Amino acid sequence: MSTSQTAPIAFLKGHGTENDFVIVPDPDNAIALSPRAVAALCDRRAGIGGDGLLHVVRSAAHPEARAMADDAEWFMDYRNADGSIAEMCGNGVRVFARHLQRAGHVEAGDLAVATRAGVKRVHLAAGSDGPGGADGDITVRMGRALLPGDEGVSVSVGDRAWPARHVDMGNPHAVAFVEDLAHAGSLHSAPAVTPASAYPAGVNAEFVVDVGPRHLAMRVHERGSGETRSCGTGACAVAVAAARRDGLDPAVTGAPVTYTVDLPGGRLVITELPDGSVEMAGPAVIVAEGYIDPVWCETAIA
């Protein structure tokens with residue numbers, strides 16, 4: 001965020017299954033968001049607080065999204081809580097779409113959103129007229145999962161280690177099936193992943209237990225944010241890994257497979273289709289809006 005900014009900057013706060021975000025509407029890409037400014041805004045004690053930041057920009061106005069402008073008017077310029085740039089955030093896409101709906105930019109129905117992991121197709125259920133439009137689920141077609149090969153990847157916490165499935169949902173995931181979610185420890189710091197060369201840009205690590213038939217529960221450490229209450233791409237990665245483990249690969253069976261995934265912040269429903277695409281359905285809520293004090297901005301990032 002430029003320290004020369006003199007006018008108050010509008011923001012909103014929203015969450016998807018308690019994965020929460022600071023939202024900065026900036027259609028013309030006029031606000032320079034430095035990593036330090038993002039980290040300050042996402043600070044839970046000294047800032048607004050969030051697992052990440054959604055910078056809302058028209059695709060035509062952003063150099064990373066101009067090539068997608070014909071397919072998607074809006075670009076989700078997503079940042080992790082530490083200010084680093086991320087390719088994609090599944091819960092973030094739903095909250096991003098809810099903001100566009102609330103602001104009157106889009107209506108219920110189908111929507112395309114540009115991200116660094118490509119254009120994502122979104123469907124906003126009709127009748128979303130509760131507080132923040134909170135009563136209608138949003139479904140996102142997340143694209144195809146890539147399984148680059150596990151190469152002996154393992155995840156460890158303390159003296160426990162588990163084999164992990166490498167799943168890429170536009171961002172990297174290491175999925176480990178465990179006996180007890182408590183074995184993942186605090187997840188404030190990143191679990192150890194070996195070999196380190198498997199994830200040169202870092203990784204989101206998911207720990208998963210079975211609840212029932214096609215019903216899973218998980219915890220996640222998100223790179224750049226620590227443990228979060230929910231991770232949409234992580235839930236997708238978990239469902240894909242479970243389908244392979246359970247012998248239910250839709251490309252092989254010819255039938256879609258759906259898993260219910262419980263996260264600390266709520267529930268997501270993940271469906272993988274025979275063509276390899278993955279759909280995620282869940283809630284998205286806008287809880288507040290206001291203005292960021294430019295004097296605070298200058299002080300926070302000085």
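All of these numbers come straight from a predicted model, not from anything done at the bench. Starting from 1, each residue takes its place in the sequence as its number.
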Open item on the list: Tell me whether the count of non-hydrogen atoms from other residues, nucleotides or ligands lying under 6.0 Å of CD in Glu64 goes above 12.
Closed with: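 More than 12 within 6.0 Å, yes.
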- [ ] On the 0 to 90° scale, with breaks at 30° and 60°, tag the Trp74-His105 ring pair as parallel, tilted or perpendicular.
- [x]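 Geometry flag for His105 against Trp74: tilted rings.
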[X] and [Y]: side chain donor to acceptor below 3.5 Å:
| X | Y | result |
| --- | --- | --- |
| Asn19 | Thr17 | no |
| Asp51 | Ser225 | no |
| Asp168 | His166 | no |
| Tyr199 | Asn204 | no |
| Glu279 | Thr271 | no |

Open item on the list: For the CE atom of Met76 and the OG1 atom of Thr115, what is their distance to the nearest 0.5 Å?
Closed with: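 The CE atom of Met76 sits 5.5 Å away from the OG1 atom of Thr115.
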- [ ] Go through Arg79 and Asp77 one step at a time and tell me if the salt bridge (Lys or Arg N to Asp or Glu O under 4.0 Å) criterion holds.
- [x] CA-CA 7 Å; Arg79 314 296 180 89; Asp77 175 17; 2.9 Å; yes
Task: Residue list, side chain to side chain contact (heavy atoms under 4.5 Å, CB included) with Pro163, at least two apart or on another chain - done: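 Applying side chain to side chain contact (heavy atoms under 4.5 Å, CB included) to Pro163 gives none.
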Task: Sequence neighbours excluded - salt bridge (charged side-chain N to carboxylate O under 4.0 Å, His left out) pairs with any residue from residues 226-241 - done: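 Non-adjacent pairs meeting salt bridge (charged side-chain N to carboxylate O under 4.0 Å, His left out): Glu18-Arg229, Arg219-Glu227.
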TODO: Using the ring of Phe177 (Phe, Tyr or Trp, six-membered ring only), decide whether Arg245 places NZ or CZ under 6.0 Å from its centre and within 45 degrees of its axis.
DONE: yes
TODO: Decide yes or no for His99 and Leu12: does some side-chain heavy atom of the first lie under 4.5 Å from some side-chain heavy atom of the second?
DONE: yes
Task: CA sep, side-chain torsions, deciding dist, call: Lys120, Asp71, salt bridge (Lys or Arg N to Asp or Glu O under 4.0 Å) - done: CA-CA 10 Å; Lys120 303 303 176 186; Asp71 294 323; over 6 Å; no
TODO: Using a strict cut-off of less than 4.0 Å between a Lys/Arg side-chain nitrogen and an Asp/Glu carboxylate oxygen, indicate whether Arg144 and Glu272 qualify as a salt bridge.
DONE: no
Task: Side-chain ion pair, Glu289 and Lys13, N-O less than 4.0 Å - done: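 So Glu289 does not pair with Lys13 through a salt bridge.
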